[in-house]
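Chain letters run A, B, ... following the sequence lines, proteins first and then strands; every chain starts at 1.
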2 protein chains.
Amino acid sequence: MTPTDGKPGRRRGQELENALLDAAWDELNDHGYGAFTIDAVAQRAGTSRAVLYRRWPTRDELAQAAITHAVRTVVRTVPDTGSLRGDLIAMLLDFNETRSQFAAMLSVHLGAFYAETGQTIADLRRSIVREESGPTVQEIYDRAAARGELDPDRLTPRIANLPFDLYRHDIMVTLQPLSEAAVVEIVDDIFLPLVRPRPA
Amino acid sequence: MTPTDGKPGRRRGQELENALLDAAWDELNDHGYGAFTIDAVAQRAGTSRAVLYRRWPTRDELAQAAITHAVRTVVRTVPDTGSLRGDLIAMLLDFNETRSQFAAMLSVHLGAFYAETGQTIADLRRSIVREESGPTVQEIYDRAAARGELDPDRLTPRIANLPFDLYRHDIMVTLQPLSEAAVVEIVDDIFLPLVRPRPA
DNA sequence: CCAATAAGAAACACTCGTGTATCTAAGGAG
DNA sequence: CTCCTTAGATACACGAGTGTTTCTTATTGG
């Protein structure tokens, strides 16, 4: 392992490539895809365009690579607090920490990207979800059903996605992380009443 | 009234201005704000850039004007079918006709615009809602409450917006109008159960 | 009918980003 | 220590869009 701190000297191989993709991602975050230029990425990474062109032939492929790279670095955790309510609130608040900026960025800056590639946010989400392919929220629902907190018959696909759809909607519309009150509202006032087992 | 059809000859005044703003709006729709150029607008409008520069000094002001102009031409209707369910479904399906493209366009193409102006979709919606300032969905809720179809105590602000938030979320994520089934699902499976008066 | 106005065409200098090519020197492999 | 890959710098031709200016001519108002 070569020392990674101190004066960077001249970076190579994987270290350099990560730095390039990070710079590209930051550039996307700060200025959006519309103003996403190879030049700016090179400057931010402290290198020259040639280094970028050696790896990615076009702007779009660099952007794609940067997005994929950023996605890969997101770690996903599925909480297990012992209650459905606690799990969902924890999960959404964790999203606030780890993903709200990511989601906002995707929503706001990538319009031109979607337009050019013909993709939609839904498409991108699918490929991200496939990429992660780890444990999912379904675990939370399964545990809740086992505890009798949730009626599986009431959990239609749309309702299963409801808390996350509402979370995502808020992010896309306000570009800010949700307040804890908003998260609690989504869970307590909307989701839980819809899935709670009815007293027969 | 001068004849408005036939060979357009040389347009002037309001007629020309409308044509310019329409062309700008179409250009935004087709290619997004990222690829929104004065040149393209001039070409689409069948005129020269000078004509545009005489009216709007910058690209951004032209885009702003085009958006405002497009917003102004949207007519809003509030249905009155006699039932809450019917009103909401009618309203959302009407959105499908009149606004889904508009909403999709706003979500997707205007990222760079938001980034530059610092506005969010929420801000833009506020100014649009203010602009319209006509009858609102509140009317529908009031009538439903009067008929006893809706418990006003359960209608928190978030729940009042819920059908529209979900509608908007779907549009932003899929960039397509919602299927009628999806609209019915939002109303029947999610909204109505949350606001129906509980048998005391 | 005439004069004022403004549409529309065209040319210009300018900026910014692209993509390629060339050169140097850093730093790893042998 | 030496060679060889390649990071990083720099220069160039090119295209696309901007914003300005000048000129013409259609159209309108008086």
K.L.:
dA9(C) P sits how many Å from Gln43(B) CD, rounded?
P.N.:
10 Å
K.L.:
Is a side-chain donor or acceptor of Arg168(A) paired with a backbone partner of His169(B) at a separation under 3.5 angstrom?
P.N.:
no
K.L.:
Roughly, in whole Å, what's the span from CD in Glu15(A) to C1' in dA26(C)?
P.N.:
13 Å
K.L.:
Examine Phe191(A) together with Tyr141(A) and report whether their ring centres are nearer than 6.0 Å.
P.N.:
yes
K.L.:
Would you say Arg147(A)'s side chain and Gly82(A)'s backbone share a donor-acceptor pair under 3.5 angstrom?
P.N.:
yes
K.L.:
Can you tell me how far P of dC16(C) sits from CD1 of Ile38(A), to the nearest Å?
P.N.:
18 Å
K.L.:
Going 5' to 3' through nucleotides 4-9 of chain D, assign each nucleotide B (protein heavy atom under 4.0 Å from a base atom), S (under 4.0 Å only from sugar-phosphate atoms) or - (no protein heavy atom that close).
P.N.:
-BBBBB
K.L.:
Starting at atom OH of Tyr53(B), determine the distance to atom P of dA9(C), rounded to an integer number of angstrom.
P.N.:
16 Å
K.L.:
Round to the nearest Å and state the distance from His31(A) atom NE2 to dG17(C) atom P.
P.N.:
11 Å
K.L.:
Glu61(B) CD to dT18(D) P: how many Å, rounded?
P.N.:
14 Å
K.L.:
Tell me: CZ of Arg59(B) to P of dA16(D), nearest whole Å?
P.N.:
17 Å
K.L.:
Please identify each residue that fulfils side chain to side chain contact (heavy atoms under 4.5 Å, CB included) with Thr156(A), with sequence neighbours left out.
P.N.:
Arg158(A), Ile159(A), Glu185(B)
K.L.:
Would you check if the side chain of Thr47(B) reaches a backbone N or O of Ala42(B) as a donor-acceptor pair within less than 3.5 Å?
P.N.:
no
K.L.:
Could you tell me the separation between the CZ atom of Phe36(A) and the C1' atom of dC16(C), rounded to a whole number of Å?
P.N.:
16 Å
K.L.:
Once salt bridge (Lys or Arg N to Asp or Glu O under 4.0 Å) is applied, do any residues pair with Asp188(B), and if so which ones, sequence neighbours excluded?
P.N.:
Arg85(B)
